[in-house]
> 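Provided herewith is a single structure, encoded as structure tokens, for subsequent inquiry.
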Number of protein chains: 2
Amino acid sequence: MTNKYLTIYNCIVEQIKSGEIPPQTLLPSENELKDQFDTSRETIRKALNLLSQNGYIQKVRGKGSIVIDISKFDFPVSGLVSFKELASKMGKKPRTIVNELSLLKPDGYIRQQLQLGSKDLVWKVVRTREMGGEKIILDKDFLSNKYVPSLTEEICADSIYQYLEHELDLTISFAKKEIIVAEPSPEDRSLLDLEGFHNVVVIKNYVYLDDATLFQYTESRHRPDKFRFVDFARRTH
Amino acid sequence: MTNKYLTIYNCIVEQIKSGEIPPQTLLPSENELKDQFDTSRETIRKALNLLSQNGYIQKVRGKGSIVIDISKFDFPVSGLVSFKELASKMGKKPRTIVNELSLLKPDGYIRQQLQLGSKDLVWKVVRTREMGGEKIILDKDFLSNKYVPSLTEEICADSIYQYLEHELDLTISFAKKEIIVAEPSPEDRSLLDLEGFHNVVVIKNYVYLDDATLFQYTESRHRPDKFRFVDFARRTH
DNA sequence: GAGTGGTCTAGACCACGCA
DNA sequence: GCGTGGTCTAGACCACTCG
């Protein structure tokens, strides 16, 4: 039932991860794979392109597909290391504190960021993320009321994201992130355990639905010592 | 001579950028475009997938391809804002100071990062980037001697990258970045104008050639107030 | 010249949205 | 039910690498 090219992709990913296909070696050629998986070459190529995009292989014209040494990378290849991952990696218990949950008239900045009309309301959610007893991350979310009619403290304490995707059936399709370093605001100082740190890392997140409408603006403010971002960039020529 | 799907891609990009196809509207359907450009549907789809990957459109099954409002984005959609860009944006004159240029035996850390043998030598280049009279960025490059036989101060003061691609014909194919925030090292303090800042943003860069060999490791250390990173992430489902 | 990946085609069927 | 995009096929030609 799943896609053919996705199953082929996953199959090869497993072989690479397990070391069955060692780094720096060539994958079987597209024509060989076509026969092995009993499919057409274009379908094989779709799977290989996925592998390439996700950093598993490097395709070279006239030669073949080289397996990249991923052992150096701790995945996910790209993206912010999420709060839960970070916590589980450090073997610490994560905890979320909901500091604020309200439906209000957005100020000018938020209204502009979310491209709202003058009468639209937004949910404002402020949460602190705690790990090993330390308040590490301050998340400020602004969600358009048009798409999210109701929101409770329970949902915010768990996962807003899950609620949106599974309960409300909203599909998040892409996001634009901006990362900068800033002075801690008074709010940061009061809600985070900043210890001696003089800066916070601010990740501004613009989240779009699958009909290309902007519906959420999120600011995630991290204590600098616990921040890490990984990016995998393929040259586009 | 150029690719068909690329010329179609560029054609549509132009139409979107010029506003000829306004944001939030639907592109003609794949079948219409197929006839317009007198080609096959798969070729149209290649062009549309490129548009989608680069943030110009959002494809929705059963509906069509929606043009995304890119006017909100200041391009490049993804990636580090480069030193020269940054400088030109602020209307300041950029300057590069070469602090060190040497061919040496790598220490354990660098040897491990570059996956070198015990007898391989590396170029070490340390440069300071100055803008508006302030030393903002400290770049430390380590290049494998195997691929870069010679290197001069002139090249380093200009652009190492250009030298590699145009003089040595090395093709950089992809890079993995890691971004963290760290305490300034003594070297940072001496070579950068850190003023009151207590942190530096460190971008570790692993650069690969098109045969998937790792050949350069770069550390770019930024004063936090001048750092900005933009990322455009499409959900991969 | 044999083999590789890159592009392109014409056609098929499916899953989804919308009226 | 019609039109949309998503998947898949079998085959063609090209550009490139390498012996």
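Because only heavy atoms are used, hydrogens play no part in the values below, and waters and symmetry mates are left out as well, while side chains stay in. Here is the naming used below: chain letters follow the sequence lines, and residue numbers restart at 1 for every chain.
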> Rounding to an integer number of Å, can you tell me how far Asn49(B) CG sits from dG5(D) P?
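To the nearest whole Å, that distance equals 11 Å.
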> Could you tell me the separation between the CG atom of Asn31(A) and the P atom of dC16(D), rounded to a whole number of Å?
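Those two atoms, CG and P, are 19 Å apart.
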> Could you pull out all residues at least two apart from Arg61(B) that satisfy side-chain hydrogen bond (donor to acceptor under 3.5 Å, both in side chains)?
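Partners of Arg61(B) by the side-chain hydrogen bond (donor to acceptor under 3.5 Å, both in side chains) criterion come out as none, since no residue qualifies.
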> Please state whether the phosphate of dC8(D), meaning OP1 or OP2, lies under 4.0 angstrom from any side-chain nitrogen or oxygen of Tyr5(A).
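The answer is no; no side-chain N or O of Tyr5(A) sits under 4.0 Å from OP1 or OP2.
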> So which nucleotide from dC8(C), dT7(D), dG5(D) ends up closest to the side chain of Lys46(A)?
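The nucleotide sitting nearest to the side chain is dT7(D).
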> Could you measure the distance from the CG atom of Leu50(B) to the CD1 atom of Ile8(B)? Nearest 0.5 Å is fine.
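One finds 11.0 Å between CG of Leu50(B) and CD1 of Ile8(B).
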> Counting only heavy atoms and a strict 4.0 angstrom limit, can you tell me which residues of residues 35-42 of chain B come near DNA chain D?
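By residue number: Arg41(B), Glu42(B).
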> To the nearest Å, how far apart are Lys59(B) NZ and dG3(D) C1'?
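Result: 15 Å.
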> Which residue is it: Asp139(A), Asp141(A), Asn205(A)? I am looking for the one with a side chain to side chain donor-acceptor pair (under 3.5 Å) to Thr218(A).
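Of Asp139(A), Asp141(A), Asn205(A), side chain to side chain donor-acceptor pair (under 3.5 Å) with Thr218(A) is met by Asp141(A) alone.
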> State the NZ-CZ distance between Lys140(A) and Arg221(A), to the nearest 0.5 angstrom.
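Output value for this atom pair is 6.0 Å.
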> By nearest nucleotide on DNA chain D, pick out whichever of Arg45(B) and Val60(A) is the more 5' one.
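Looking at DNA chain D, the more 5' nearest nucleotide goes with Arg45(B).
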> Atom OG1 in Thr43(B), atom NZ in Lys4(B): separation rounded to 0.5 Å?
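If we round to the nearest 0.5 Å, Thr43(B):OG1 and Lys4(B):NZ are 6.5 Å apart.
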> Only counting residues at least two apart or in another chain, list the ones meeting ring pair (Phe, Tyr, Trp, His ring centres under 6.0 Å) with Tyr217(B).
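For Tyr217(B), the residues satisfying ring pair (Phe, Tyr, Trp, His ring centres under 6.0 Å) (neighbours in sequence not counted) are Tyr206(B).
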> Can you tell me if the side-chain N/O atoms of Lys4(A) get under 4.0 Å from OP1 or OP2 in dT9(D)?
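For dT9(D), OP1 or OP2 has a side-chain N or O of Lys4(A) closer than 4.0 Å.
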> Lys34(A) NZ to dA10(D) P: how many Å, rounded?
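Lys34(A) atom NZ is separated from dA10(D) atom P by 9 Å.
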> Consider the side chain of Lys63(B), meaning its heavy atoms from C-beta on, and name the nucleotide among dG6(C), dG17(C), dC8(D) that approaches it most closely.
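Of the options given, the side chain of Lys63(B) lies nearest dG17(C).
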> Indicate whether OP1 or OP2 belonging to dG3(D) is found under 4.0 Å from a side-chain N or O atom of Ser29(B).
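For dG3(D), neither OP1 nor OP2 has a side-chain N or O of Ser29(B) closer than 4.0 Å.
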> Rounding to an integer number of Å, can you tell me how far Ile66(A) CD1 sits from dT4(C) P?
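Spelled out: CD1 on Ile66(A) to P on dT4(C) is 14 Å.
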> Going by distance alone, is a donor N or O of one side chain under 3.5 Å from an acceptor N or O of the other, for Tyr9(B) and Asn54(B)?
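Judged by distance alone, the side chains do pair up.
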> Atom CG of Leu27(B) and atom C1' of dG3(D): how far apart are they, to the nearest Å?
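Between C1' of dG3(D) and CG of Leu27(B): 16 Å.
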> In whole Å, what is the span from the CG atom of Leu26(A) to the P atom of dT17(D)?
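These atoms are roughly 14 Å apart.
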> Take the protein atom CG of Leu50(A) and the nucleotide atom P of dC8(D), then report the distance between them rounded to whole Å.
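Value for this atom pair: 11 Å.
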